[in-house]
Student: 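This is the structure I have questions about; it appears just below.
We count ligands from 1, going down the list as the structure has it; atoms in each ligand are counted the same way.
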Amino acid sequence: MQKLTAQRQAILDMINRSDKHWDADDVAYALKEEGISIGIATVYRGLAALADQGLIESIQLADKKRYERADKAHHDHLICTRCGSIEEFCEPEIESLQDKVAAERGFKIEGHQLLLFGLCKTCKAEES
Ligand SMILES: [Zn+2]
Ligand SMILES: [Zn+2]
């Protein structure tokens with residue numbers, strides 16, 4: 001594999017260090033806290049390149065992408081449209097239904113993402 005630039009390596013290390021779902025601003029801020037200053041455009045490009053190489057996972061939200069470690073077990077996401085919280089889940093029944101749908105259509109699944117948008121428990125409680 002191609003050697004990563006020092007900047008991309010720093011971005012990758014930051015993401016691998018936690019379970020968070022990072023956007024580019026989060027990454028730039030956290031790096032800055034550690035005394036590593038990388039321009040936001042470089043962070044954006046770095047994140048996209050790392051995701052292309054499969055070194056991190058990306059999830060596409062309505063307004064932006066977020067990124068997380070690639071070595072977590074497969075999971076899907078519940079995304080709160082009010083506070084932005086992201087909860088992970090894995091439901092075996094949904095997973096196997098997807099396999100069934102694909103098998104019936106002769107389709108070979110190479111990956112999937114399931115994003116459920118709505119209100120998290122806290123925001124839902126505040127609303128009622
Ligand atoms: Zn919420
Ligand atoms: Zn996740």
Student: Got a sec: does the CZ of F117 have more than 12 other heavy atoms crowding it under 6.0 Å?
Tutor: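 Result for CZ/F117: enclosed.
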Student: Between the main-chain N or O of S58 and the side-chain N or O of Q113, is there a donor-acceptor pair closer than 3.5 Å?
Tutor: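 Confirmed, Q113 side chain pairs with S58 backbone.
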Student: Examine L4 and W22 and state if one hydrophobic cluster contains both, with Ile, Leu, Val, Met, Phe, Trp and Tyr joined whenever side-chain heavy atoms are less than 4.5 Å apart.
Tutor: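 Yes, it is one cluster - the side chains of L4 and W22 are joined through contacts under 4.5 Å.
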Student: Without swapping roles, check the side chain of E91 against the backbone of E93 for a donor-acceptor pair under 3.5 Å.
Tutor: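 Yes, because the side chain of E91 sits within donor-acceptor range (under 3.5 Å) of the backbone of E93.
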Student: Take a 6.0 Å sphere around NZ of K72 and say whether it holds more than 12 heavy atoms from other residues, nucleotides or ligands.
Tutor: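 Atom NZ in K72 is crowded, with more than 12 foreign heavy atoms closer than 6.0 Å.
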Student: For the Zn ion (ligand 1), which protein N/O/S atoms are closer than 2.8 Å?
Tutor: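 Under 2.8 Å from the Zn ion (ligand 1) - ignoring waters, which are not counted - the protein N, O or S atoms are C80 SG, C83 SG, C120 SG, C123 SG.
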Student: What is the distance from atom CG of N16 to atom CG of L55, rounded to the nearest 0.5 Å?
Tutor: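 The distance works out to 8.5 Å.
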Student: Quick check for you: to the nearest 0.5 Å, what is the distance between H21 atom NE2 and I86 atom CD1?
Tutor: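 The NE2 atom of H21 sits 5.5 Å away from the CD1 atom of I86.
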Student: Inspect the surroundings of NZ in K20 and state if more than 12 heavy atoms from other residues, nucleotides or ligands are less than 6.0 Å away.
Tutor: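 Atom NZ in K20 is crowded, with more than 12 foreign heavy atoms closer than 6.0 Å.
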Student: Using only atom types and a distance under 3.5 Å, with no angle test, would you say the side chain of H77 pairs donor to acceptor with the backbone of H75?
Tutor: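 No; judged by distance alone, with no hydrogens or angles, the pair does not exist.
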Student: Run through the protein N/O/S atoms less than 2.8 Å from the Zn ion (ligand 2) and write them out by chain and number.
Tutor: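 Per the 2.8 Å query on the Zn ion (ligand 2), atoms found are H21 NE2, E68 OE1, E68 OE2, H75 NE2, H77 NE2, E88 OE2.
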